[in-house]
Number of protein chains: 4
Amino acid sequence: MKATDSVRLKTAKPFPRGRKPKAHRREQILAAAFEEFAANGYAATRLEDVAKRAGIAKGTIYLYFQDKERLFRAVVRSLIQKRLDAFAGTFHGPAPALFREMLSRMYTRVVRNERARGIVRLLVAESGKFPQLSDIYHQEIIGPGLKAVRQVLKRGIASGEFRKSKALEFPQILVAPGVLAIVWTLISGGRHRLDLDAYMKAHLDFVLGSLQKKRI
Amino acid sequence: MKATDSVRLKTAKPFPRGRKPKAHRREQILAAAFEEFAANGYAATRLEDVAKRAGIAKGTIYLYFQDKERLFRAVVRSLIQKRLDAFAGTFHGPAPALFREMLSRMYTRVVRNERARGIVRLLVAESGKFPQLSDIYHQEIIGPGLKAVRQVLKRGIASGEFRKSKALEFPQILVAPGVLAIVWTLISGGRHRLDLDAYMKAHLDFVLGSLQKKRI
Amino acid sequence: MKATDSVRLKTAKPFPRGRKPKAHRREQILAAAFEEFAANGYAATRLEDVAKRAGIAKGTIYLYFQDKERLFRAVVRSLIQKRLDAFAGTFHGPAPALFREMLSRMYTRVVRNERARGIVRLLVAESGKFPQLSDIYHQEIIGPGLKAVRQVLKRGIASGEFRKSKALEFPQILVAPGVLAIVWTLISGGRHRLDLDAYMKAHLDFVLGSLQKKRI
Amino acid sequence: MKATDSVRLKTAKPFPRGRKPKAHRREQILAAAFEEFAANGYAATRLEDVAKRAGIAKGTIYLYFQDKERLFRAVVRSLIQKRLDAFAGTFHGPAPALFREMLSRMYTRVVRNERARGIVRLLVAESGKFPQLSDIYHQEIIGPGLKAVRQVLKRGIASGEFRKSKALEFPQILVAPGVLAIVWTLISGGRHRLDLDAYMKAHLDFVLGSLQKKRI
DNA sequence: CATGAATGAGTGTTCATTCAT
DNA sequence: GATGAATGAACACTCATTCAT
């Protein structure tokens, strides 16, 4: 069972009319809306489809959100609730292993995560119309993420495991193959699928190959 | 003899007509359409705006394209007319220099090129609705591009300048920072701008750092 | 000598494409327009199709007719140019034979004539929007036609060949089967075709059976 | 617009929303659509006018019908719900009286019935674009109707009241004056009105005059 | 609270009409 | 005269939003 998108579970509540508790209804709508927005983009998403997916009536959405745009903003906000855990600080071990662990998490949580890819699609597709979208993500996700990468890098340099690298200035470079994999997956739609296991290995190999001091 | 409801005729008012050469009109529309589609996405683009941008009337579009979707497809097709020039084959020099040149072109032609970024935005945003979109790009651009990268890599390995690398299997990894830069630029909209000169240097530095055999 | 080509005096005919004389062009358009109007009705007829059928450009129509409605009216007017020849007055023979001849002409010229059926279709379809359409036809065709029928009937009664009949008041009744045949043909579109020869015979038989005094 | 029959809908009430029982709404639209289609033909009918006549908003139509064409087809189908009752089988009396009764019904139900005349107008005007239209009517109305006429004729012949007639083969001929009256009424639009009472008498008189064996 | 029928502004598309060539 | 590209009003159809139930 995937934790990623629990929305598809058509929870078989035996309630004939018994509605879910109100707090849940809002989440229900947000989840459905996210899937629709991520799949079709803002403009092409019809609230009717969101309602259908959420298993409610069209008008019900308006009991929880003023209009389509507010719903979209709420979706965006709802997506960043799960913060990155302070990573580097809690891990004690060799920097390469740390980096490996970090990448592994990135692939599991982001690259392989349909929900996360949907967010990236929305970011790319809708940041023109909704600039705050990217602002939020820069502040909440991208910034902290890159900071964590840089910390690992720093630690590796400090410990002598890594050589100095311009990547300190642009930690994006270290994770870029992951981003490419996301974009690739988004675009290909399954027709030119990457072997993500091998790809991640190559990614790690390549990055460590550049960071680590070479044998004699 | 009078018709009962001849009322519907609201004679159009005069406006300069047929001033542009006909052959140019189609390109004009394609260019305007590309800008609108790239900026707003397929669904959110109004043909009226395309027409306005092209400096023509809404109906004129339909003289050149059957409908909105065909216009979109035509735009997509028009974007790939400039083929990648056969690159590696014509260049004779050290592999690192070749790679540097290749990257430099990628940044100039793609990353720094608003048109190219627009294409990427369209690919990400619309490949759900228009799968052929990505198929075309895989075949025409991405495939040949990666092939070129792999050739350079191969040549470097053959000449002993590069060590063997898993990147041979996934040449994407070598250019991934460029892709990230594109996505970054698309998302940021100018608010978190990358210093592309420094970034490209870091990219090159990093990649060569991984590919090249190290001095003692 | 034809009146048409005696007028050429000034114009040295520099026509590169050698167009037909102008008078013909108008007829050409009218003919094409009639076919389209009769087939599709006024509203559903596109001037582009009329032009195509006439083998000319769309704009050319406007050199001969102010607008679609005037074209339609001109078509209507053009259709009644061939007057009914004064029929009963010129024929001298037994009334039944006269009636037979009259019906025969009706079937040949009207019922079997696609053009005439097209006119009927237009009358039925467009007389709501163009009331004058039927006025013209009442005056030019239907009225004279019925008058002729009544004359034959009168003559037959006067000569003792026919008995007195209420059909004198409503001569329509005598030709009604012909009208039905027209409507039937218009509606059926070839799928429930009437055997018009047999049908006309039955029509004549029936009408004469009612008009003629019976044997003992 | 036709002032003739818009009278039926007196729903001038500007009620905001959802006031009518849902089941009724569909009939309401069908009725309004029929009147518009019958008056203007398919192409010239605007759905906005249908909506206005039905006292609803344009979009509401689309809650009940997929598009204009489906609405049209539904209208056509709705028009044939009232079948001809099995006529001849239930009537026991002299054939002439039976025929008189039959004609009387025809005039009351069809010739004098604006709705029925509207159907005929649609048949004539739209059977080119909608061939099924006439197929349906042939099967449901015209065929059974003619069969009934033929039955009466047969019975009269069997009882010796009628003489043998070619009309057995073409029962259309017996009712043709009724069809002519419909077409006449459709075309005239009230300007050359037939005296239908007298006309029907003449029709009956004429037909019986042909069918019945004559005195001595 | 929830519903979903109803609304009507908005957009894609057509086509009568114009006019530079 | 003849052309047909260009125009823009008009109309079919969609969908965010409302509100009586």
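Just so it is clear: chains get the letters A, B, ... in the order the sequence lines come, proteins before strands, and each one is counted from 1.
- Residue-level contact check: A/Ile56 touches the backbone only, with heavy atoms under 4.0 Å from sugar-phosphate atoms and none from bases.
- For B/Lys58 and E/dT13, a side-chain-to-base donor-acceptor distance below 3.5 Å is present, hydrogens and geometry of angles not being considered.
- The distance from atom NZ of A/Lys68 to atom P of F/dT14 is 15 Å, rounded to the nearest whole Å.
- At the heavy-atom level, C/Leu47 lies under 4.0 Å from the strands shown only through sugar-phosphate atoms.
- Note on ring orientation: taking the six-membered ring where Trp is involved, the planes of C/Phe37 and C/Tyr42 are parallel (angle under 30°, cut-offs 30° and 60°).
- Residues B/Ser78 and B/Arg26 have side chains that never bring a donor and an acceptor to within less than 3.5 angstrom of each other.
- Contact annotation: C/Tyr64 side-chain N/O to F/dA2 OP1/OP2 distance is under 4.0 Å.
- The C/Leu63 side chain lies nearest to F/dA2 when the options are E/dT17, F/dA2, F/dA6.
- Atom-to-atom, CD of D/Gln66 to P of F/dC13 comes out at 10 Å; the value is rounded to the nearest Å.
- Of the residues near DNA chain E, D/Thr60 and B/Thr45, the one whose nearest nucleotide (by heavy atom distance) lies more toward the 5' end is D/Thr60.
- Along DNA chain E, the nucleotide closest to B/Arg46 and the one closest to A/Gly55 are compared, and the more 5′ of them pairs with A/Gly55.
- Remark: C1' of F/dG1 and CZ of C/Arg26 are 16 Å apart, rounded to the nearest angstrom.
- Base pairing analysis places E/dT21 opposite F/dA2; the two distances defining the Watson-Crick or G-U wobble pair are each below 3.5 Å.
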